[in-house]
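Every chain is numbered from 1, with letters handed out A, B, ... down the list of sequences.
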There are 2 protein chains.
Amino acid sequence: MAAWRRLVAVVELLPGVLDGQLRRDAQLTHFDYHVLAVLSEAPHRVLRMTDLAARTNATLPRLSHVVRRLEERGLVERAPCPSDGRATNARLTEAGWAKVRETAPGHVATVREHVVDALTQEQVTQLAGIADALLRRLDPDGRLTGALDRAGPG
Amino acid sequence: MAAWRRLVAVVELLPGVLDGQLRRDAQLTHFDYHVLAVLSEAPHRVLRMTDLAARTNATLPRLSHVVRRLEERGLVERAPCPSDGRATNARLTEAGWAKVRETAPGHVATVREHVVDALTQEQVTQLAGIADALLRRLDPDGRLTGALDRAGPG
DNA sequence: CCAGATCACTTGTACCTACAAGTGAGGACT
DNA sequence: AGTCCTCACTTGTAGGTACAAGTGATCTGG
């Protein structure tokens with residue numbers, strides 16, 4: 001079978017595995033977890049909704065709903081941005097920060113089990129290069145990979 | 001950044017690209033398309049719901065809803081299985097077969113553009129091996145890759 | 001300083017998927 | 001035959017996402 005059909009199959013299956021583990025172990029969608037994780041790595045654990053949406057590949061309506069639900073669970077807080085009255089800042093609460101810390105190991109272990117351990121060391125290296133090349137097409141601005149921080153013109 | 005985080009990013013982005021193209025050009029979910037495509041490759045373009053579910057990584061309720069909607073659009077037909085009164089056979093109609101033929105080229109072109117063309121020939125070869133290794137973990141029975149046909153005990 | 005355009009969200013509606021419960025056919029055991 | 005159990009779906013309900021419309025705040029031109 002062609003390489004791309006196998007890749008499509010992987011892309012079909014892997015999200016279900018990751019999502020399932022997080023739902024079972026942390027009552028969190030994979031996307032919920034991603035939101036919390038990105039916030040946890042931001043300075044002061046605060047980001048504007050627009051920035052958070054860009055870094056998580058979410059539309060603004062989607063992020064708005066998700067953050068509202070996370071806020072109802074006490075994992076995130078929203079506050080109007082002091083410098084721009086239109087903007088909203090999302091901040092990870094202590095409970096949210098604790099949630100990330102207790103959830104991350106299991107998530108990483110799942111990825112390790114289903115991805116890293118399935119490959120040889122050489123394949124992992126190859127995968128890094130392949131995923132890198134794909135991301136240059138799928139995510140030219142590097143929004144998901146943190147390239148935003150060090151992005152410059154040209 | 002670690003290889004696995006890039007892979008997760010790819011897995012996050014690629015479905016959206018594939019789904020979007022099919023929704024725009026054919027008013028079809030990527031999963032809808034997958035269902036039609038699998039049916040189109042089956043003998044007589046007929047499969048039992050259970051088999052179809054296994055080959056598309058779907059739960060039976062999900063498939064039931066999807067096939068009902070495809071039937072309402074005239075792309076698929078359902079009929080009770082003659083040999084087993086409990087089972088239902090899903091058959092691709094002429095309209096469904098035409099839909100697959102007119103949709104496939106655009107879909108393949110999208111995959112080519114975003115995946116194959118982004119990689120070197122060597123990377124495509126490497127990808128085949130990597131995806132193969134991952135599928136042995138994610139899909140041990142080879143349900144999605146057609147290994148069912150030639151599967152035997154032990 | 002005031003009207004219009006733009007921006008940053010939020011809210012509402014429709015669709016899709018997951019989980020749970022229900023229906024009816026087929027097989028096992030007596 | 002009759003009962004119990006399992007199988008193969010179908011249906012109903014809840015939750016998440018997409019698209020469209022609405023609400024204020026900010027910028028721009030006069």
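Separating the CG atom of A/D32 from the P atom of D/dT17 is a distance of 7 Å, rounded to the nearest angstrom. Summarising the geometry, the separation between CZ on B/R48 and C1' on D/dA8 is reported as 7 Å, rounded to the nearest angstrom. The distance between atom CG of A/L60 and atom P of D/dC19, rounded to the nearest whole Å, is 14 Å. In this structure, A/E72 atom CD and D/dG16 atom P are separated by 10 Å, rounded to whole Å. Distance A/D84 CG to D/dC27 P: 7 Å, rounded to the nearest Å. Between the CG atom of A/N57 and the P atom of D/dT17 there is a distance of 12 Å, rounded to whole Å. Spacing between atom CG of B/L47 and atom P of D/dA8 amounts to 15 Å, rounded to whole angstrom units.
Along DNA chain D, the nucleotide closest to A/R69 and the one closest to B/R62 are compared, and the more 5′ of them pairs with B/R62. In this structure, A/T50 and B/T59 both approach DNA chain C, and ranking their closest nucleotides by distance from the 5' end singles out A/T50.
Judged by distance alone, with hydrogens and angles left aside, A/H65 brings no side-chain donor or acceptor close enough to the base of D/dG15 to form a pair under 3.5 Å.
When the options A/V66, A/N89, A/L63 are evaluated for a side-chain contact (heavy atoms from CB on, under 4.5 Å) with A/L52, the one that passes is A/L63.
If you walk DNA chain C from 5' to 3' and mark each nucleotide with an atom closer than 4.0 Å to a heavy atom of chain A, the marks span C/dC7 to C/dG12.
For the residue pair A/R143 and A/N57, a side-chain donor N or O sits within less than 3.5 Å of a side-chain acceptor on the partner.
B/T88 comes within contact range of the sugar-phosphate backbone alone, with a heavy-atom separation under 4.0 Å but no base atom that close. Contact annotation for A/R68: no contact, since no heavy-atom pair falls under 4.0 Å across all strands.
Linking Ile, Leu, Val, Met, Phe, Trp and Tyr whenever their side-chain heavy atoms come within less than 4.5 Å puts B/L134 and A/L134 in one cluster.
Aromatic ring orientation, A/H30 versus A/H107: tilted (interplanar angle from 30° to 60°).
Taking the centre and axis of the six-membered ring of A/W97, the NZ or CZ atom of A/R45 falls inside the cone set by 45° and 6.0 Å. The side-chain tip of A/R23 does not point at the ring of A/Y33 from less than 6.0 angstrom away and within 45° of straight on.
Judged by distance alone, the side chain of B/T103 and the main-chain N or O of B/A26 form no donor-acceptor pair under 3.5 Å.
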